[in-house]
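Below, chains carry the letters A, B, ... as their sequence lines are ordered, and counting in each starts from 1. Because only heavy atoms are used, hydrogens play no part in the values below, and waters and symmetry mates are left out as well, while side chains stay in. These numbers were taken from a predicted model, which means no experiment stands behind them.
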Amino acid sequence: MTSATIDTDARRHWMGVLAKSSPARLAQLWTDLDGLPGWSHLRRPEVGLVMVRGRMGGDGGPFNMGEMTVTRCSVRVDGGAVGHAWVAGRSSTHAEMAALADALLQMPGWHQVVADAVVAPLARQLAEDRARAGRQAAATRVDFFTMVRGED
Amino acid sequence: MYVAVKGGEKAIDNAHALMAQGRRGAESVPELSLEQISGQLSLAVERVMTEGSVYDRDLAALALKQAQGDAVEAIFLLRAYRTTLPRFGSSQPVETGSMAIRRRISAAFKDLPGGQVLGPTYDYTHRLLDFALAAEGGARAPVAENPEPVEAAMPRVTDVLGHQGLIEPSGEGAEVPGDLTRQPLNFPAGRDLRLQNLARADEGFVLALAYSSQRGYGNTHPFAGEIRMGEVAVELVPEELGFAIEIGEITLTECQMVNQFKGSKTVPPQFTRGYGLSFGHCERKAMAMALVDRSLRAEDLGELVSNPAQDQEFVLYHSDNVEASGFVQHLKLPHYVDFQSELEMIRRLRRENAEAAQ
């Protein structure tokens with residue numbers, strides 16, 4: 001697999017999952033991976049800000065709402081792919097692990113290992129958290145009923 | 001004559017140490033952790049993120065701890081920290097229409113697709129102090145779960161009205177919005193800049209202005225068309241990739257105020273919009289912002305500008321609590337020489353008056 005043949009949607013998916021997951025959970029799954037190849041930084045983890053834009057009226061033109069902290073990092077696996085990460089927050093290790101995972105996921109020998117051992121469980125966790133919040137919200141949905149007044 | 005006076009270093013050091021002692025409180029009580037502040041004072045943390053204009057729960061919790069819970073001081077700390085970080089870029093506009101809903105209510109439509117989802121709210125409480133909370137480790141009611149979660153995406157009330165042409169469209173605006181952290185504010189300011197200003201504005205100030213517009217100092221006839229709170233993904237296009245990726249999720253509160261508008265010869269009668277958006281769950285702020293946004297649109301909509309909440313310069317120049325607090329509190333700094341000159345002036349005037357009377 002070369003970078004030209006990598007499915008952009010697949011890469012968008014794993015990069016999103018890696019960014020949205022908790023750094024602690026990612027680190028936990030990471031320790032289960034054996035025999036990781038050597039790698040080096042192309043860009044050391046760097047903390048900065050991204051301006052979050054909203055839309056006027058929710059669906060109109062953009063406006064600058066406020067910033068969020070973001071950490072970015074790029075790595076190169078020895079003799080292999082280059083991986084990038086942009087993750088919310090200020091965790092260098094989160095960005096580093098996400099960048100390394102992005103690189104490995106682009107390498108045929110590693111793709112399935114990292115997809116199964118890291119991305120899949122993280123995606124499952126995110127989906128479970130989202131579903132639980134959704135079920136809790138659903139329990140607060142109002143069921144309106146009409147009071148019957150008068151006779152019959 | 002200007003006389004430079006130095007001194008007070010020792011007094012300042014000791015004053016700071018005294019403040020640190022006050023911040024710590026009794027040593028016999030465990031110190032607050034950032035996790036405790038972030039988890040248990042979450043609405044304070046979210047206000048600091050909103051007005052500090054940086055979404056980072058840990059930083060906001062630290063700022064609150066350092067400021068002994070003083071929200072405005074914590075906001076100042078966060079704003080100051082923000083200036084030390086580089087700006088990597090801007091996100092794609094967040095899509096609140098695909099928000100993962102945790103709360104969504106409408107005061108305009110009872111039966112709307114997706115329904116009225118109350119979520120976590122203080123509404124309908126009796127505002128009686130709950131002394132059970134004074135005792136630690138008390139049991140709380142279990143959180144109920146429905147078998148099915150809420151819909152993945154719920155239409156906005158304004159979308160429903162928009163499909164029927166009953167509310168004005170939001171308008172496109174510039175592709176690259178103005179940024180008041182990069183350019184000085186000029187008047188008249190576009191709605192993009194007004195919304196940016198209001199988003200980081202002091203909640204108390206915006207709330208009071210919104211209230212004034214409701215009481216008659218303005219011309220809003222609002223309905224809370226919709227308030228929604230939940231998580232949205234933030235997307236960005238890194239230069240090295242050339243396509244959008246999600247970099248995280250943030251909690252937002254959005255308020256759509258639906259207001260009256262009579263229409264004109266060219267425009268049929270339709271509702272107008274006021275928009276509010278905050279980081280976290282800052283519902284009062286989002287609602288007040290939506291009212292003030294609508295008030296500030298008076299000129300655009302051909303209405304008479306005659307009240308404070310409609311006056312762009314008045315609102316936008318006085319809404320920032322870091323600037324306001326700085327200018328008010330600078331009066332504490334030594335003005336010895338200024339005051340001395342006024343003192344001499346008043347003495348001279350009195351002397352001259354006395355001499356004239358003789």
Looking only at A88(A), G48(A), G66(A), the option with the highest number of non-hydrogen pairs under 4.5 Å against chain B is G48(A)
What one should report as the nearest heavy-atom pair of D192(B) and M56(A) is N-SD, 3.7 Å
No-hydrogen, no-angle side-chain donor-acceptor test under 3.5 Å, W86(A) and E246(B) | no
Most contact-rich option vs chain A, by heavy-atom pairs under 4.5 angstrom, among L59(B), T50(B), I250(B), is L59(B)
Is it true that a side-chain atom of N64(A) and a backbone atom of G178(B) form a donor plus acceptor pair closer than 3.5 Å?
-> yes
dist R102(B):CZ -> T140(A):OG1 (nearest 0.5 Å) comes out at 11.0 Å
**Prompt:** Considering only heavy atoms from C-beta outward, does the side chain of Y55(B) approach that of E67(A) to under 4.5 Å?
**Reply:** no
If one checks every heavy atom of D159(B) against chain A at 4.5 Å, the contacting part turns out to be side chain
Whatever's closer than 4.5 Å to a heavy atom in chain A on S278(B) counts as backbone
Residues 97-124 of chain A vs salt bridge (Lys or Arg N to Asp or Glu O under 4.0 Å), sequence neighbours excluded, gives R11(A)-D102(A)
### Query
Are R135(A) and V150(B) side-chain neighbours, meaning at least one heavy-atom pair lies under 4.5 Å?
no
If you tally heavy-atom pairs under 4.5 Å between each of D143(A), V87(A), T8(A) and chain B, the highest tally belongs to T8(A)
Per-residue tally against chain B (heavy atom, under 4.5 Å) across A19(A), G57(A), A137(A) peaks at G57(A)
E148(B) atom CD, over 12 foreign heavy atoms within 6.0 Å: no
Looking at M154(B), I'd like to know if its CE atom is crowded, meaning that more than 12 non-hydrogen atoms belonging to other residues, nucleotides or ligands lie closer than 6.0 Å. yes
Applying a strict 4.5 Å limit to non-hydrogen atoms, the region of L252(B) in contact with chain A is side chain
**Prompt:** Do M15(A) and L241(B) come close enough that some side-chain heavy atom pair is under 4.5 Å?
**Reply:** yes
Checked A199(B), G173(B), S170(B) vs chain A; the most non-hydrogen pairs under 4.5 Å come from S170(B)
Nearest heavy-atom contact between F88(B) and V47(A) is CZ-C, 3.7 Å
Residue pairs passing the salt bridge (Lys or Arg N to Asp or Glu O under 4.0 Å) test with at least one member in residues 170-181 of chain B, sequence neighbours excluded, are R87(B)-D179(B)
Between R53(A) and S91(B) the two heavy atoms that sit nearest each other are N-OG, 3.0 Å
Show the numbers, then the answer: is there a side-chain contact (heavy atoms from CB on, under 4.5 Å) between D59(A) and R273(B)? CA-CA 12 Å; D59(A) 58 355; R273(B) 295 161 178 264; 3.8 Å; yes
When the 4.5 angstrom heavy-atom criterion is applied to A174(B) and chain A, the contacting part is backbone
Okay, I101(B) and chain A: the region with an atom under 4.5 Å from a heavy atom over there is backbone
Decide if atom CZ of R44(A) counts as having more than 12 heavy atoms of other residues, nucleotides or ligands within a radius under 6.0 Å. no
If one checks every heavy atom of D111(B) against chain A at 4.5 Å, the contacting part turns out to be side chain
Bottom line for R130(A): the part with an atom under 4.5 Å from chain B's heavy atoms is side chain
Of all heavy-atom pairs linking G115(B) and R141(A), the shortest is CA-CD, 4.1 Å
Of all heavy-atom pairs linking P149(B) and A131(A), the shortest is CB-O, 3.8 Å
### Task
May I ask you to test the E231(B)-K20(A) pair for a side-chain heavy-atom distance under 4.5 Å?
no
Q) Is there a side-chain contact between T69(A) and L85(B), using heavy atoms and a 4.5 Å cut-off? A) yes
Output for pair (F63(A) CZ, R194(B) CZ), nearest 0.5 Å, gives 12.0 Å
Cut-off 4.5 Å, heavy atoms of chain A, and the answer for R82(B) is both
Crowding at CD, E128(A) (>12 non-hydrogen neighbours, <6.0 Å): yes
The interface call for V234(B) against chain A, heavy-atom contacts under 4.5 Å, is side chain
Pair count under 4.5 Å, heavy atoms only, with chain B: among A98(A), A133(A), G58(A), G61(A), highest is G58(A)
Note: V94(B) and R55(A) closest approach over all heavy atoms is O-CG, 4.4 Å
Among V142(A), V50(A), V52(A), the residue with the most heavy-atom pairs under 4.5 Å to chain B is V50(A)
Next on the checklist: Could you check whether any side-chain heavy atom of P86(B) comes within less than 4.5 Å of a side-chain heavy atom of E46(A), counting everything from C-beta outward?
Outcome noted: yes
So do R43(A) and E240(B) actually touch side chain to side chain, heavy atoms under 4.5 Å?
yes
One option among P177(B), P120(B), A152(B) has the most heavy-atom pairs under 4.5 Å with chain A, and it is P177(B)
Pair count under 4.5 Å, heavy atoms only, with chain A: among P147(B), A233(B), P93(B), highest is P93(B)
Here the gap from Q136(A) atom CD to E145(B) atom CD, rounded to the nearest 0.5 Å, amounts to 5.0 Å
Greatest number of non-hydrogen atom pairs under 4.5 angstrom with chain A, of P169(B), A290(B), A144(B), S90(B), falls to S90(B)
CG of D129(A) to CD of E249(B), rounded to nearest 0.5 Å, is 9.5 Å
Assert top hit (heavy-atom pairs under 4.5 Å, partner chain A, pool A100(B), G230(B), A244(B), G97(B)) equals A244(B)
message: Are M68(A) and D56(B) packed together at the side-chain level, in the sense that at least one heavy-atom pair is separated by less than 4.5 angstrom?
response: no
Turns out that what part of E95(B) lies under 4.5 Å from chain A's heavy atoms comes down to side chain
